[in-house]
Amino acid sequence: MKSSILHSNNGYFGKYGGMFLPELLIAPMTELAKSLKIAESKSFQKIFRNLLKEYAGRPTPLTEVKRFAQAANAPRVFLKREDLLHTGSHKINNALGQCLLAKELGKKRIIAETGAGQHGVATATICAYLGLDCVVYMGACDIKRQEPNVRKMKMLGAEVRSVNAGSMTLKEAVNEALRDYAESYENTHYCLGSALGPHPYPQMVALFQKVIGEETRKQSIKYLGRLPDKVVACVGGGSNAIGIFSGFLEDDVNLIGVEAGGRGAMLGDHAARFSGGSPGVLHGTYSYILQDDSGQIADTHSISAGMDYPSVSPIHALLHDTKKATYTSVNDQEALAAFKLLSKTEGIIPALESSHALAWVMREGKHFQKNEIIIICLSGRGEKDLNRDDL
Ligand SMILES: *Cc1c(COP(=O)(O)O)cnc(C)c1O
């Protein structure tokens, strides 16, 4: 079966994944895992795929960026345009899938965590569309950094709850959402934003994002007459990357995941879990995490809020160990340069997250063969990132 690696073995991808949770959460999470069957069913997929088309704007195009490629000294470069989706990123694929599933399960209330606000906005959007109550947990620090997205969520009818613990960012927002869920799961679904967290989330989110890879593979064959040589994606939690990679897991295609190298290689200065981390548990899943010598979760830094998280999808952990994909990182400055270059050469303002994938091609493109085809997942648009002094 194609992309069977996306199917966990009882919640495990190799030795990664699992459901490391307080007793209280095991029963509701086990219940949710059973709903994977519904999510995978033909009838559910038909409704889901139809709304991806009619509401979210799929399929997204594959765009060749010749002027960018020339400036980067790279061969042929194409972008998978997730930035053109409703609400501006691939997050809407997952939010739509999970909220539809929640409705099917009879849940009337949705909670979500958000960092930059993209997942919060996508979830608030779908809740408005489906008539569900929506509460979004967001770190107080991120609320300040991402003010326009907070306004959007409120306009869409969601309640945004400020989280004041710890570093007041994404990690604490996840804690708070899990706490809420432990008390509310009978009428509430926790819509988690990436291929992370306890089983069944990694498998579920990958299921809802794999449409990116399916489309990309078809488009590549139809318009270019062959598969690409390389597929590149940024890796925050890992959902856009697993989405596009999943189309090519059985092929001889180089899959490259780009993490946030931040401002340096010291612990605390980046979010490069594969080069700077080691296996451990955070938020219910066993994967590569950034931790200090005593196993304390380390602080992270990235120029882009969507990449700024100390753990990574257990699916990527397996792809990393089996060498099915390779993982690398670019730093803040490289990402910023890519952000500017794509804007000026192509008229496309990329999200700072996606700019990490672009930056890797700018750095490495000169080493590629002349006739190579590179596809980059442009996970989102960059309007949200324009409010910076260094642009
Ligand atoms: C959230 C976000 C990311 C990072 O999340 P993944 O789960 O790694 O995809 C990347 N790009 C954009 C535009 C995002 O909003």
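Remember, it's 1-based here, ligands and their atoms both numbered in the order they're listed.
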Handout entry: Best match, G380, G88, S379: closest heavy atom to atom 12 (C) of ligand 1
Key = S379
Handout entry: Numbered atoms of ligand 1 (with element) below 4.0 Å of N240, judged on heavy atoms
Key = 6 (P), 8 (O), 9 (O), 10 (C)
Problem - Residue portion contacting ligand 1 (non-hydrogen atoms closer than 4.0 Å) for H119 - result: neither
Exercise for the section: Please check if any side-chain donor atom of R58 sits under 3.5 Å from a side-chain acceptor atom of N93, or the reverse. Expected result: yes
Handout entry: Atom indices of ligand 1 within 4.0 angstrom of A351 heavy atoms, with elements
Key = 13 (C)
Fill in the blank from the handout: Going by the 4.0 angstrom heavy-atom rule, the piece of S239 near ligand 1 is both
Handout entry: Residue-ligand contact M307/ligand 1, heavy atom below 4.0 Å
Key = no
Handout entry: For ligand 1, the portion of K91 having any non-hydrogen atom under 4.0 Å away
Key = side chain
Exercise for the section: Could you tell me whether some N/O pair between S354 and ligand 1 is separated by less than 3.5 angstrom? Expected result: no
Completion exercise
Near G306 (heavy-atom distance under 4.0 Å), the atoms of ligand 1 are 4 (C)
Handout entry: Residue of the set R81, E82, H90 for which side chain to side chain donor-acceptor pair (under 3.5 Å) holds with T60
Key = E82
Exercise for the section: Return yes if some donor-acceptor pair links the side-chain N/O of K152 with the main-chain N/O of G120 below 3.5 Å, else return no. Expected result: no
Handout entry: Salt bridge present between R76 and E64 (N-O < 4.0 angstrom)
Key = yes
Practice task
Establish, for the pair K230 and F368, whether the NZ or CZ atom is under 6.0 angstrom from the six-membered ring centre and no further than 45 degrees off its axis.
Solution key: yes
Handout entry: Within-shell test, A241 vs ligand 1, heavy atom, strictly < 4.0 Å
Key = no
Handout entry: Within-cut-off N or O pair, G236 and ligand 1, under 3.5 Å
Key = yes
Problem - ligand 1 N/O within reach of C234 N/O, cut-off under 3.5 Å - result: no
Exercise for the section: Check each atom of ligand 1 against the heavy atoms of Q118 and keep those under 4.0 Å away; list them by number with element. Expected result: 15 (O)
Problem - Donor + acceptor pair across side chains of N94, Q209 (<3.5 Å) - result: no
Exercise for the section: Answer yes when E215 and K218 have at least one side-chain N-carboxylate O distance shorter than 4.0 Å, and no when they do not. Expected result: no
Handout entry: Heavy-atom side-chain contact between L196 and H283 under 4.5 Å
Key = no
Handout entry: Validation row: Q291, L267 side chains within 4.5 angstrom (heavy atoms)
Key = no
